[in-house]
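Written out below as structure tokens is the structure these notes cover.
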Amino acid sequence: PAFGLFIFTIARDPLRIIILIAGAFFWLVSLLLSSLIWFIAVKASDPQDERLQKGLLIFGVMFSVLLQEAFRFLYYKLLRKAIEGLVALSEDGCSPISIQQMAYVAGVGFGLMSGAFSMINLLADALGPGTVGIHGDSQLYFLTSAFMTMVLIFLHTFWGILFFHGCEHRRWWEIAAVVIMHLTVSGLSFCNPLYVGSLVPSYLLMAAAAGWAYLLSGGSAQNLRRFLLCKC
């Protein structure tokens with residue numbers, strides 16, 4: 001369902017596709033830099049020290065989150081400049097795409113690239129060697145990983161809307177809330193293999209972020225109720 005966001009809301013608009021691809025590129029650059037720093041830290045440390053290696057893993061995850069949000073801010077600044085250029089070139093003095101639409105598309109770009117990398121890692125694990133759950137561990141690894149990938153794609157979409165709104169209106173607490181939610185969801189992955197401890201809070205955060213993004217985008221409780229009841 002998450003990848004349907006691209007098909008139904010972005011695929012027919014060339015400008016949105018460009019913004020999505022650029023957003024995916026920014027996410028890739030942030031991942032490359034964070035992976036490079038983590039790799040250097042691991043190589044420079046003692047591989048026999050398990051506590052140190054676990055600490056470096058936690059550091060790598062948290063640093064990657066902060067770097068992703070830093071690149072989201074850089075992408076916002078770039079898109080803000082792009083809007084000014086589009087307005088200058090247009091005949092009617094209006095931009096063909098609003099900052100709210102850019103926020104949504106940029107969020108989808110971040111989310112789809114994050115989901116694509118998660119899927120690649122899952123497929124690599126599925127090739128073996130070994131069998132999931134052969135030593136009494138949970139056999140729900142692939143299923144829960146798929147659900148976690150989906151929630152991250154949706155969360156990146158909602159975070160994009162919240163983050164851009166915070167930047168646009170200088171509400172820094174909204175930006176801080178996005179960073180905190182991102183850190184929380186990433187930190188919950190350390191609860192695994194207790195999958196309930198990571199999936200349930202992540203989906204609750206997704207529901208909260210979805211409602212918040214909906215309201216910031218101009219939605220209302222009345223319209224949502226009419227939509228759920230299939231009323232025109």
Side-chain angles (χ1 to χ4, degrees), residues 21-78 106-107 109-138 140-142 144-153 155-156 159-160 162-163 166-167 172 175-199 201-202 205:
I21 293 174
F25 173 76
F26 269 70
W27 187 90
L28 278 175
V29 174
S30 70
L31 178 66
L32 175 63
L33 292 178
S34 59
S35 299
L36 180 61
I37 293 174
W38 176 79
F39 179 78
I40 294 174
V42 169
K43 289 299 181 181
S45 62
D46 182 8
Q48 305 300 325
D49 192 338
E50 293 185 3
R51 289 188 60 185
L52 177 60
Q53 293 303 316
K54 184 175 181 180
L56 288 176
L57 178 61
I58 295 174
F59 162 77
V61 171
M62 299 299 113
F63 181 78
S64 177
V65 168
L66 296 176
L67 201 58
Q68 287 177 48
E69 297 306 328
F71 270 80
R72 199 193 301 271
F73 178 74
L74 291 176
Y75 192 40
Y76 162 78
K77 300 295 287 186
L78 178 65
F110 270 62
L112 287 182
M113 188 53 62
S114 173
F117 263 77
S118 297
M119 286 183 60
I120 291 172
N121 291 333
L122 284 175
L123 292 175
D125 290 338
L127 293 176
T131 302
V132 175
I134 193 171
H135 294 298
D137 297 325
S138 174
L140 302 177
Y141 169 71
F142 292 111
T144 53
S145 297
F147 277 104
M148 196 65 187
T149 299
M150 183 178 70
V151 76
L152 280 174
I153 294 174
L155 277 172
H156 270 294
W159 288 336
L162 299 176
F163 195 97
C167 293
W172 308 118
I175 299 174
V178 171
V179 175
I180 292 172
M181 282 191 289
H182 199 167
L183 287 170
T184 302
V185 173
S186 298
L188 287 171
S189 62
F190 293 107
C191 294
N192 297 332
L194 182 61
Y195 297 118
V196 175
S198 59
L199 277 178
S202 297
L205 280 174

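Since this is a predicted model, take the numbers as computed values, not measurements.
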Steps toward side-chain contact (heavy atoms from CB on, under 4.5 Å) verdict (Trp27, His156): CA-CA 11 Å; Trp27 187 90; His156 270 294; 4.2 Å; yes

Steps toward side-chain contact (heavy atoms from CB on, under 4.5 Å) verdict (Val61, Trp38): CA-CA 9 Å; Val61 171; Trp38 176 79; over 6 Å; no

Gap separating the CG atom of Leu205 from the NE2 atom of His182, nearest 0.5 angstrom: 11.5 Å

Distance (rounded to the nearest 0.5 Å) between Ser189 OG and Leu199 CG: 11.0 Å

Ring-face cation of Arg72 near Phe110 (centre distance under 6.0 Å, axis angle within 45°): yes

Separation between OG of Ser202 and CE of Met148, rounded to the nearest 0.5 Å: 3.5 Å

Spacing of Gln68 atom CD and Leu33 atom CG [to the nearest 0.5 Å]: 11.5 Å

Atom pair CG (Leu28) and CD1 (Ile21), whose distance is rounded to the nearest 0.5 Å: 11.5 Å

Exercise: identify the closest heavy-atom pair between Tyr75 and Gly23: OH-N, 3.3 Å

For the student: nearest non-hydrogen atoms of Met113 and Ala24, plus distance: CE-CB, 3.6 Å

Ala41 to Leu56 - nearest heavy-atom pair and separation: O-CD1, 3.8 Å

CG-CG distance between Leu74 and Leu67, expressed to the nearest 0.5 angstrom: 9.0 Å

Thr149 (side chain) donor-acceptor with Ser145 (main chain) under 3.5 angstrom: yes

Plane angle bin for Phe73 and Phe163 - parallel if under 30°, tilted between 30 and 60°, otherwise perpendicular: perpendicular

Where Leu155 and Val185 come nearest, the two heavy atoms and their spacing: CD1-CG2, 3.8 Å

Atom CZ of Phe190 with >12 non-hydrogen neighbours under 6.0 angstrom: yes

Smallest separation among heavy atoms of Ile175 and Cys167, with atom names: CD1-SG, 3.5 Å

Non-neighbouring partners of Phe63 that pass ring pair (Phe, Tyr, Trp, His ring centres under 6.0 Å), sequence neighbours left out: Phe59

Shortest non-hydrogen contact between Gly111 and Ile153, atoms and distance: O-CG1, 3.2 Å

